[in-house]
Amino acid sequence: MCGVIGYTGNMEAAPILLEGLKKLEYRGYDSAGIAVLDKNVISISKVSGRIAHLCEKTDDGKLLHGCIGIGHTRWATHGAPTDTNAHPHMSNDGRFAVVHNGIIENYLMLRDELKAKGYHFESQTDTEVIVHLIDMYDTGDFRKAVMKAASRLQGSYALGVICADDPDKLIAVREYSPLLIGVGIGENYFASDVTAIVPYTRNVIYLDDGQLAEITKENIVVYDCTGKKVPKEINHISWDVQDAEKGGYAHFMLKEIMEQPGAVKAAMTPRMKDGEICWEESGLDSFDVHSVSRIVITACGSAYYAGSAGRYVFEQLCRIPVQVELASELRYSNPIIDGQTLLIVLSQSGETADTIAAMRECMKRGAKSLAIVNVVGSTIAKIADHTVYTWAGPEIAVATTKGYTTQLTVLYLLALWMGRKLGTLDEESYHMLYESIRALPKVIQDALDMNPMIKKLAGKYHDAKALFFIGRNTDYATALEGALKMKEISYLHSEAYAAGELKHGTIALIDDHQPVIALCCNSLLQEKTISNIVEVKARGAEVLAVTCKGNQNILSVADDVLYIPKVEPIFSTVAEIIPLQLLAYYVAEENGCDIDKPKNLAKSVTVE
Ligand code: M6R
């Protein structure tokens with residue numbers, strides 16, 4: 001939920017740290033700070049508010065000198081987002097400074113212990129115990145002091161530490177929070193995420209849990225938690241700096257919406273070859289699908305809604321029972337899992353704490369895990385039995401768009417592949433569905449072409465008190481994601497309902513001019529949904545329908561209609577979400593919201 005960065009080299013560190021923090025700001029944006037070390041003195045600047053504020057305060061970093069430093073952008077957990085609670089935190093004697101992403105669960109106990117030893121606490125954060133622990137264990141060996149302190153911590157952490165007495169060294173430690181090392185020439189970095197360092201290097205080392213890296217400008221040494229050196233592989237990042245820039249768009253979200261035809265193509269291309277679906281890179285090709293008696297899909301937020309849409313596809317094509325569970329619920333539900341359960345885990349970031357915990361719980365009980373993840377080298381990707389990457393490229397906006405549609409694409413391919421292997425699909429249907437999936441990038445592009453019309457409709461709906469999203473089956477899954485998009489970026493109260501369920505209570509909320517967004521793309525259920533539209537119209541609702549070309553009946557019942565191209569009903573979610581993403585975007589724009597960084601949210605939810 002926070003972003004950390006560190007630099008050591010021959011350049012002034014502060015401007016590099018600030019630029020990196022701007023890239024990490026999507027991870028948390030309520031306060032920020034940097035610490036720079038020069039001539040055995042650590043200087044700190046930290047502020048509540050955005051990185052822009054920190055840039056102003058430090059004159060874009062020109063006021064702090066030194067070629068080694070650490071930085072942090074915060075999403076507050078312990079203590080309000082104030083200047084004092086912002087990171088870095090310093091030891092009482094000013095010799096150590098620490099940045100931290102994660103949560104220290106035993107901080108209260110450690111705080112009491114440290115207070116009893118005379119340490120003075122400035123902040124309300126859990127992080128401050130770390131810097132005092134390091135100080136307490138310091139006997140002149142910086143690395144050993146950090147290692148000893150880390151061994152006392154329970155919870156999750158990606159730590160960056162500098163020491164005034166050891167001025168050439170950064171120490172980075174990882175436990176259940178993302179952290180990687182950027183390998184440069186005559187300079188090295190650490191960061192929560194590769195976007196922060198990709199302007200300088202594309203060579204990275206992913207730290208594993210329990211590992212500590214000692215980083216100087218010329219050298220990187222990684223240790224395990226027992227202090228033994230561990231050899232690490234250097235990975236090359238293939239995407240470009242521009243991929244993490246806005247590229248002329250007003251917001252990352254709009255850029256990412258528009259990138260979806262390419263992203264979905266990138267997700268399918270390596271897997272679709274001459275009519276076959278192959279999973280070379282994830283080792284799934286040899287997976288025995290006949291050993292699966294049940295599928296459990298788990299995830300959070302939009303990824304959970306992608307799973308909800310995926311459920312219909314798996315059940316339809318594979319005739320296997322599928323259960324979709326919120327990870328935050330599954331982890332504490334004493335789940336019924338056995339060796340014949342295939343656990344499908346969805347996560348854009350691969351770092352969502354609840355998803356990781358649910359996954360570990362199910363794997364402990366014998367489930368085979370298959371992760372669908374975007375961020376390469378992330379925790380979920382590492383711990384899964386099989387990982388399929390979505391190849392969506394970096395997603396910066398807090399509201400996911402291309403992350404979601406690429407998850408759907410991979411789910412469609414998996415279900416189709418599995419259905420064929422299981423024999424629940426005949427060859428003719430397989431090839432017909434294969435071609436439908438191949439056509440999806442074009443279908444998405446056509447849906448995006450409605451952009452000007454949707455922008456106009458946003459003007460009509462932006463000041464509604466509430467919005468209702470309704471649909472059946474796959475349309476219902478889209479309604480859930482459409483409502484989440486709307487509420488998270490425009491703050492407009494939005495609810496999704498299974499269309500047939502309205503009359504069991506919710507229809508009481510429908511009165512004159514209440515906007516209802518009706519999803520009606522699943523051609524098998526169009527007439528049923530039209531009946532529900534008629535019901536809300538009879539109570540005065542204003543209906544915006546999203547449907548497939550050719551559905552003329554809808555024109556006589558809806559006030560406004562958005563037509564997406566005709567698409568195979570079970571794969572319609574990936575296309576019908578496009579107008580809803582754009583609608584949410586333009587409603588938020590009309591309402592002057594901070595679209596890429598909505599209030600109270602963070603991109604990667606690494607706390608429970
Ligand atoms: O990185 P993940 O896919 O695991 O994230 C899960 C949710 O936190 C995420 O989808 C969240 O709901 C987004 N803000 C939705 O736009």
Side-chain angles (χ1 to χ4, degrees), residues 1 3 26-29 75 101 176-178 192-193 195 251-254 256-257 260 263 267 297-310 324-331 344-360 369 371-384 387-390 392-408 410-411 477-478 480-491 494 496 577 580-585 588 593-608:
M1 306 288 279
Y26 71 91
R27 301 179 64 86
Y29 33 84
W75 187 88
N101 170 32
Y176 298 129
S177 284
S192 299
D193 172 331
T195 49
H251 297 97
F252 279 110
M253 183 177 177
L254 187 58
E256 288 158 10
I257 290 174
Q260 288 176 108
I297 302 180
T298 195
C300 300
S302 295
Y304 169 76
Y305 296 141
S308 307
V324 191
E325 292 284 342
L326 287 166
S328 52
E329 290 294 316
L330 182 64
R331 62 184 293 188
I344 299 183
V345 180
L346 294 161
S347 177
Q348 188 283 131
S349 64
E351 300 293 349
T352 303
D354 283 321
T355 310
I356 295 170
M359 182 178 181
R360 290 192 198 273
S369 61
I372 300 175
V373 173
N374 191 35
V375 178
V376 176
S378 55
T379 304
I380 291 176
K382 280 189 189 150
I383 61 183
T387 297
V388 178
Y389 286 111
T390 48
E395 193 181 61
I396 312 288
V398 165
T400 182
T401 52
K402 61 177 182 171
Y404 170 79
T405 45
T406 51
Q407 283 167 352
L408 287 171
V410 170
L411 286 169
T478 313
L480 290 162
E481 170 61 5
L484 180 63
K485 283 287 88 76
M486 186 61 79
K487 60 186 126 182
E488 71 180 325
I489 60 164
S490 78
Y491 318 139
S494 306
I577 192 60
L580 303 190
Q581 293 170 344
L582 286 168
L583 188 68
Y585 175 82
C593 302
D594 190 348
I595 295 178
D596 284 338
K597 300 186 190 92
K599 67 174 188 225
N600 304 338
L601 298 182
K603 180 71 179 163
S604 164
V605 186
T606 53
V607 295
E608 183 178 349

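Order of listing sets the numbers, starting from 1, for every ligand and every atom in it. We use all heavy atoms of the structure for the numbers below, so side chains are in, but hydrogens, waters and symmetry mates are not.
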Open item on the list: Is it the case that the side chains of Glu325 and Thr298 hold a donor-acceptor pair, with the cut-off being a distance below 3.5 Å and no angle test?
Closed with: no

- [ ] Within a distance under 4.0 Å of any heavy atom of Ser347, pick out the atoms of ligand 1 and give their elements.
- [x] 1 (O), 2 (P), 3 (O), 4 (O)

- [ ] Could you tell me whether some N/O pair between Lys603 and ligand 1 is separated by less than 3.5 angstrom?
- [x] no

TODO: Out of Cys300, Ala299, Ala353, indicate the one that has the non-hydrogen atom closest to atom 6 (C) of ligand 1.
DONE: Cys300

Task: Interfacing atoms of ligand 1 (cut-off 4.0 Å, heavy-atom, Val398) - done: 13 (C), 14 (N), 16 (O)

Task: Identity and distance of the protein heavy atom lying nearest atom 3 (O) of ligand 1 - done: Gln348 N, 2.7 Å

Open item on the list: Under a 3.5 Å distance rule, please check whether Lys402 uses its side chain to pair with a backbone N or O of Pro394 as donor and acceptor.
Closed with: yes

Task: Shortest heavy-atom approach to atom 13 (C) of ligand 1 - which of Gln581, Met253, Glu488 - done: Glu488

Task: Contact partition for Lys485 relative to ligand 1, non-hydrogen atoms under 4.0 Å - done: side chain

- [ ] Under 4.0 Å from a heavy atom of Ala303: give me the atoms of ligand 1 that qualify, with their elements.
- [x] 3 (O), 10 (O)

Task: Donor + acceptor pair across side chains of Gln260, Thr405 (<3.5 Å) - done: yes

TODO: Scan side-chain atoms only and decide if Ser192 and Asn101 contain a donor-acceptor pair under the 3.5 Å cut-off.
DONE: no

Open item on the list: Can you confirm whether the side chains of Thr400 and Glu395 place a donor and an acceptor under 3.5 Å from each other?
Closed with: yes

TODO: Name all residues meeting the side-chain contact (heavy atoms from CB on, under 4.5 Å) criterion together with Lys599; count only those two or more places apart in sequence or in a different chain, and write none if there are none.
DONE: Tyr491

Task: Closest protein heavy atom (residue, atom, distance) for atom 8 (O) of ligand 1 - done: Val605 CG2, 3.9 Å

Tabulate below the donor-acceptor pairs under 3.5 Å that side-chain atoms of residues 299-307 make, not counting sequence neighbours, or state none.
residue	atom	partner	partner atom	Å
Ser302	OG	Glu481	OE1	2.8
Ser302	OG	Glu481	OE2	3.2
Ser302	OG	Lys485	NZ	3.2

- [ ] Give the residue and atom name of whichever protein heavy atom lies nearest to atom 1 (O) of ligand 1, and the separation in Å to one decimal.
- [x] Ser349 OG, 2.6 Å

Task: Proximal atoms of ligand 1 relative to Ala399 (non-hydrogen, under 4.0 Å) - done: 16 (O)

Open item on the list: Working note: Gln348 + Lys603, criterion side-chain contact (heavy atoms from CB on, under 4.5 Å); need CA distance, chi angles, decisive distance, verdict.
Closed with: CA-CA 10 Å; Gln348 188 283 131; Lys603 180 71 179 163; 3.6 Å; yes

Task: Heavy-atom nearest neighbour in the protein, as seen from atom 5 (O) of ligand 1, with distance rounded to 0.1 Å - done: Thr352 OG1, 3.5 Å

Open item on the list: Whether the side chain of Glu256 engages the backbone of Ala397 through a donor-acceptor N/O pair (distance < 3.5 Å, no angle test) should be reported.
Closed with: yes

Open item on the list: Can you report which non-hydrogen protein atom sits closest to atom 9 (C) of ligand 1, along with the distance?
Closed with: Ser302 N, 4.0 Å

